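So the structure is just underneath, and the comments pick up after that.
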Amino acid sequence: MAAATSMVTSSSFTFPSQGLRLPTRSHPCMKPQQRRFLRKYASNVITATYELKPPPYSLNALEPHMSRETLEYHWGKHHRTYVENLNKQVVGTDLEGLSLEDIITVTYNKGDILPAFNSAAQAWNHDFFWESMKPGGGGKPSGDLLDLIERDFGSFERFTEEFKSAAATQFGSGWAWLAYKANRLGVENAVNPWPSENDKKLVIVKSPNAVNPLVWDYFPLLTIDVWEHAFYLDFQNRRADYISMFMEKLVSWEAVNARLENAKAQAAEREMEEERMKNEEEWKPTDDDDDDDDDEGLEMYVDSDDDSEAE
Ligand SMILES: [Fe+2]
C-alpha cells in the first residue's frame, strides 16, 4: 500500500494520481500527437501497478460526521475495487503506465467511453474526494479563493447554495464539482477564437457516474461524491443532509485553495507554451516561402543583365 502523502500543506499541491506512484508525464490537455507518443512509449517501456492510496487521515477521523464504517466500506471496498479493476483492464495494453489523468482523457474518447474509463476516473475521483475533506473542515475560505468565489457567484452563501443544488439534483450516481475553467471551450482540441481574461472563472458542474471535469479540460478544485455508497450508512436516503454536513463540517478549503493556485500556475504555463508554439509556427518557412525566394533570385539575375546591357 502506498504511504500517505500530505497533499494540502503548501502551494506545491500535487494531483492525486501522483500519489499512486505513477509518473505524471503530461498535462491532461496535451495534444493527440503527444498522447499517441506516450501510448507508444508506455507500451514499450513502462510497467506499473496502480496502488490504493489511503485518505490523508485515519478512517475514524471524520466522525461523528462521516463514520469509520462508511470509510471502511467506501474507501476499503468500493475505492479498492476501482483500483483493482483498473489494473486488470490496463495490464498489457497501451494504457499501462500512463498517469491516471492521461488514461481518463484517452478513454473518455470524446464521450464514446472506453472500458477502462470508469475504473480510472473513479480511482482518481475518490482520491480527490478524500483530499477534499479534513477533520475540523467546513467554514469559509479566504484570500484569492474567496475573492474569486464572490466575483463569480456573487457571495459565498450563493456559491454554497448553488453547489448544494448541483449535488442534490445530480440524477442517480455521480459527482458535483467546483472547477477552474481557464480560457478554453469545453470541447477537446477546440481553440477559443476570442480568448479573454473573463474566460477564466470558477464554475460548478455535476457529472454522471465516473465523469469528471478533466474530460472538459477544466481544473477540478472540489468534489462531493453523491453515489449512495458515500452516505447511505450514515444518512440512509437523506442526500441533502449529507451534502449540508459535507459543506459545513468537512470541506478542506486549504486543499481547494492549493488546487486553485496550482490550476492558475498550470494555466499560465500552458498559455506561455501555446504562445511560444504559435510564434514558432508563424516564423517557420513554408514551401511558398521557398518558391518566393527562388523567384526573387531569378528576377534579380535578369535585372542585373538588363542593367549591364543598358550600360
Ligand atoms: Fe464513491
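In this chain, residues are counted from 1 in sequence order. Ligands are counted one by one from 1 in listed order, and the atoms in each one are counted from 1 as well. Treat the numbers as computed from the prediction; the structure is a model and nothing was measured. Below, each value reflects all heavy atoms present in this structure, side chains not excepted, and no hydrogens, waters or symmetry copies.
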Is the shortest heavy-atom distance from the side chain of [X] to the side chain of [Y] under 4.5 Å?
X      : Y      : answer
Leu100 : Leu86  : yes
Leu214 : Trp124 : yes
Phe159 : Ile204 : yes
Glu269 : Met272 : no

Discussion item. Please determine whether a side-chain nitrogen of the Lys or Arg among Lys181 and Asp217 lies less than 4.0 Å from a carboxylate oxygen of the Asp or Glu.
Written reply: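 So Lys181 does not pair with Asp217 through a salt bridge.
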Practice prompt. Count the heavy atoms of every other residue, nucleotide or ligand shown that sit under 6.0 Å from OH of Tyr57, and state whether that count exceeds 12.
Written response: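 Counting neighbours around OH of Tyr57, more than 12 heavy atoms of other residues, nucleotides or ligands fall under 6.0 Å, so yes.
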Worksheet item: Listing residue and atom name, which protein N/O/S atoms are closer to the Fe ion (ligand 1) than 2.8 Å?
Response: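 Short answer, with waters excluded from the count: His74 NE2, His126 NE2, Asp225 OD2, His229 NE2.
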